[in-house]
Amino acid sequence: MELPILKERDRIIQAVSDNPVIVVVGETGSGKTTQIPIFLYEAGFAESGVIGITEPRRVAATSTAKYVAGVIGSTPGDLVGYQVRFDDETTVGTALKFMTDGILLREFQIDSNLSRYSVVLIDEAHERSQNVDFILGLLKDLLKRRRDLKVVVASATIDEQKFSNFFNRAPVINVSGRMFPVEVVWGKEDVDEEMIVEVMADAIAEIHRSEPEGDILSFMTGEDQIRRVVESLERMKLTDLVLVPAHASLPWEEQQKIFASYPGKRKVIVATNIAETSITIDGIVYVVDSGFIKQMNFHPESGIQSLDVVLHSKSGCEQRRGRAGRTQPGKCFRLYAESDFRERPQFTEPEIKRISLAGVVLAMKDIGIDKVEEFEFVDPPSREAFHEAHETLIALGAIQRGSHGLTDIGKMMAGLPLEPRIARMIIEAEKHGCTKDVATIAAFLSGRQVFARPKGKEIQADRAHVALKNPASDALTFLRVWDKYEDSDFDNQWCYDNFLNARVLREVDDIRYQLFNILESYGFEPTESSDTAVIAKAVAMGLAYSLLEHRSRHSYGGVLRQIDDVFIHPGSAIFGLSNSRWIVASEVVRTTKTYARGCTEVKPEWLPDMAPQHFKRGEPVVARYLKGAESAVISKAVLDGYGHELGSSEESVPVAEAIAIQKARVRDAESKGLLKLTFHNEASGRYSFTASFVAEAGGKRYKASYHAKVEEGVPYYCKVVDTYLGQTTVEPVFQVFAFNNPAPSPGQPLSSVEELAQKRGASLGRQ
DNA sequence: CTCTCCCTT
């Protein structure tokens with residue numbers, strides 16, 4: 001049978017010649033993906049530049065390039081080339097370039113005029129991925145500058161009017177498909193989420209009993225539902241039935257079963273949305289559709305995401321139906337009523353309206369688009385989404401409040417193929433000499449789930465994972481996994497034994513090297529640190545905007561944003577082990593609860609750097625004083641917005657400055673009537689004091705005893721602090737040295753506030 | 001306190 005699109009060859013070529021933009025609507029099997037590029041090439045459009053074709057997935061870009069190369073009589077990488085992440089098979093002679101849409105976006109960042117291209121074809125535009133929507137906006141803008149550029153938007157469903165209107169009523173060419181008819185069988189009543197597993201299992205059993213031979217494809221929302229459907233069918237003990245789950249987190253061996261044929265038996269694939277677009281299975285005759293999907297949504301007010309089970313759109317359900325008619329006529333059983341279907345939205349909400357815009361806005365600014373709110377999208381995101389993107393980028397230091405362009409940090413972030421927050425970590429790592437470590441962590445954070453927990457082996461998997469986990473940080477856990485993987489010499493068997501996903505680790509390896517190359521181009525030295533606190537701090541700096549503070553029992557709340565009732569995800573390395581007051585998370589997602597994933601404990605002394613508007617360095621304390629040295633290490637308390645001391649950090653200042661600070665503080669303390677305490681040796685060997693105090697305690701007298709090893713005769717200034725627990729304690733505000741006392745030998749620290757802090761717990765009783 | 005669709009630079 002001849003491809004239907006061949007009949008439209010001349011019309012398509014003519015329309016492209018006459019118009020800057022055309023929209024081609026072709027059903028599955030129309031051959032538009034392979035044929036339109038060939039038409040354009042044969043019509044001479046490659047003479048003035050490259051014909052670029054974008055695909056949403058890597059396999060689609062590489063496999064169609066190989067197919068078209070065969071038709072034209074070229075080898076891939078010559079006349080017909082492809083470029084996807086990690087794999088560039090193009091040369092200067094490449095006239096037809098297939099690529100993922102992410103690659104075309106990169107090219108916009110390098111050359112916003114796309115000067116090399118004569119034609120750009122955006123395939124699968126109906127999927128409305130974030131990248132496609134961004135590219136369509138960029139192309140509309142570019143067409144004002146490049147009158148010679150030709151754009152072809154290829155879409156599978158009936159969304160063509162929207163695209164046509166967006167591009168000033170561009171002509172639409174319809175190409176019929178080569179689909180076999182698929183009869184729809186409607187459900188009698190609406191089924192809710194609770195009942196759907198049993199209803200699905202019963203429907204599959206009934207089809208198996210009453211319908212002629214042919215494989216079945218069932219659509220459910222997630223791994224858990226799939227498992228329950230399979231278990232339910234197994235209990236029915238049906239004969240000649242093979243049950244095959246299909247979802248993204250399946251190990252490689254299991255995935256192969258999806259495509260295998262089982263002679264004499266009926267194959268039943270119970271799948272997530274992976275089978276709607278990403279994988280195509282031959283020989284499906286029956287589709288059973290639950291009508292639900294899991295969808296990620298982003299909430300700009302709080303910065304959290306939610307993974308929700310929602311009713312699938314009409315176009316999505318139609319796409320599922322089409323999976324049955326690829327090789328012969330089929331049937332689609334919908335487990336919902338026709339009246340319910342009619343009330344559903346026509347299309348799935350485009351991704352650009354359901355994600356954080358921070359990465360898109362960063363890329364826009366990098367391309368030179370300053371007025372981002374005026375950028376024309378097919379479906380413009382909300383004002384709140386733009387506001388969130390701005391605030392996030394300001395918090396990361398990529399832009400400055402009140403100015404349009406990117407900072408130097410922002411420019412470097414935009415060059416890294418990572419989410420802005422993850423990119424920010426690496427910039428921070430450069431300052432602290434741990435770029436290799438943090439780039440490795442970034443590769444893990446941007447990749448897929450590395451810890452595998454196969455069905456039936458959960459206990460063995462958990463046991464293997466415990467040995468790899470760092471109880472203070474998922475980021476440091478990733479670093480440990482990487483070190484062990486290197487020690488194993490990148491051994492697949494080691495991955496298998498330790499229940500780690502080997503494919504993900506190989507991808508991490510590729511991402512690492514890509515990042516190293518980019519960092520080298522920035523002039524960053526590849527550095528490693530043995531200090532895990534330094535590495536963790538760089539990670540925390542990137543995630544500072546999602547700083548979480550412990551609230552009650554197991555729940556955390558946002559410090560910089562309004563986020564409440566967040567729980568550490570059970571899959572996190574710090575789950576059940578952390579008692580840190582602050583943590584950061586790489587992701588906050590609401591499912592059954594709001595969970596923080598990718599967690600790292602935060603030390604109090606990092607807080608003034610992470611959130612300067614909420615945490616300040618307090619009054620300085622001279623902790624160490626070296627005679628004859630040019631500088632002294634002073635320790636600054638970390639105070640929260642109420643003046644509570646949360647920790648301390650050290651910095652080096654000239655000795656003269658340290659002395660000046662001290663003297664000023666002594667005067668200041670005395671003027672405020674702060675208590676001066678002098679420690680005296682007791683026979684027990686302990687130091688203690690009894691103090692009377694009036695100045696800051698509302699006229700009440702306090703008796704305090706403090707057990708700590710401190711220098712005899714050293715005076716301390718103290719203040720009464722009402723802590724957040726509601727208990728009153730006496731804390732040293734700073735230590736005063738007598739400068740005419742014999743100085744300690746160089747390098748010998750005097751007793752420090754840290755030491756006191758460890759022994760904190762002054763017992764107090766009111767008189 | 002107990003677990004998440006799919007992609008991609």
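Which of B:dT9, B:dC5, B:dC1 sits closest to the side chain of A:R85 comes down to B:dT9. When distances run from any side-chain atom of A:F575 to the nucleotides B:dC5, B:dT9, B:dT2, the shortest one goes to B:dT2. The side chain of A:I274 lies closest to B:dC6 when the candidates are B:dC5, B:dC6, B:dT8. Side-chain proximity of A:F567 to B:dT9, B:dC6, B:dC1: nearest is B:dC1.
Protein atom CD1 of A:I459 is 18 Å distant from nucleotide atom P of B:dT2, rounded to whole Å. Rounded to whole Å, the distance from NE2 on A:H554 to P on B:dC1 is 5 Å. For A:I367 and B:dT9, the CD1 to P distance is 16 Å, given to the nearest whole Å. The distance from atom CZ of A:F219 to atom C1' of B:dC5 is 12 Å, rounded to the nearest whole Å. Following rounding to the nearest Å, A:R320 (CZ) and B:dC6 (C1') show an atom-to-atom distance of 12 Å. What separates CZ of A:F86 from C1' of B:dT9 is a distance of 9 Å, to the nearest Å. Going from atom OH of A:Y556 over to atom P of B:dC1 covers 13 Å, rounded to whole Å. Across the protein-nucleic acid pair, A:E276 atom CD and B:dC7 atom P stand 12 Å apart, rounded to whole Å.
Evaluation of the side chain to side chain donor-acceptor pair (under 3.5 Å) rule for A:Q295 yields no partner, not counting sequence neighbours. For A:S232, the side chain to side chain contact (heavy atoms under 4.5 Å, CB included) partners two or more places apart in sequence, or in a different chain, are A:E198, A:A201, A:R235, A:M236.
Checking the phosphate oxygens (OP1, OP2) of B:dT2, a side-chain nitrogen or oxygen of A:K593 falls inside 4.0 Å. OP1 or OP2 of B:dC3 lies within a sub-4.0 Å distance of a side-chain N or O belonging to A:Y595. At least one side-chain nitrogen or oxygen of A:R58 sits closer than 4.0 Å to the OP1 or OP2 atom of B:dT9. Not one side-chain nitrogen or oxygen of A:R453 sits closer than 4.0 Å to the OP1 or OP2 atom of B:dC3. A sub-4.0 Å separation between OP1 or OP2 of B:dC6 and a side-chain N or O of A:T277 is absent. The phosphate of B:dC6 has OP1 or OP2 within less than 4.0 Å of a side-chain N or O from A:T272. For the pair A:S446 and B:dT8, the criterion of a side-chain N or O lying under 4.0 Å from OP1 or OP2 is not met. Taking side-chain N and O atoms only, A:S129 has no distance below 4.0 Å to OP1 or OP2 of B:dT8.
Within 4.0 Å (heavy atoms only), A:L105 reaches no atom of the nucleic acid at all. In this structure, A:L418 reaches the bases: a heavy-atom distance under 4.0 Å links it to at least one base atom across the strands shown. Residue A:R57 is in sugar-phosphate contact alone, with no base atom involved, counting any heavy-atom pair closer than 4.0 Å across all strands shown. A:E223 comes within contact range of the sugar-phosphate backbone alone, with a heavy-atom separation under 4.0 Å but no base atom that close.
Residues A:N113 and A:S115 have side chains that never bring a donor and an acceptor to within less than 3.5 angstrom of each other. Side-chain contact check for A:D462 and A:Q460: no donor-acceptor pair (N or O, by modelled atom type) lies under 3.5 Å. A:E276 and A:H312 share a side-chain donor-acceptor pair at under 3.5 Å.
Between A:D379 and A:R128 a salt bridge is recorded (basic side-chain N to carboxylate O distance below 4.0 Å).
With the nearest nucleotide of DNA chain B identified for both A:E587 and A:G576, A:G576 has the one nearer the 5' end. Heavy-atom distances to DNA chain B give each of A:E419 and A:A246 a nearest nucleotide, and the one nearer the 5′ end belongs to A:A246.
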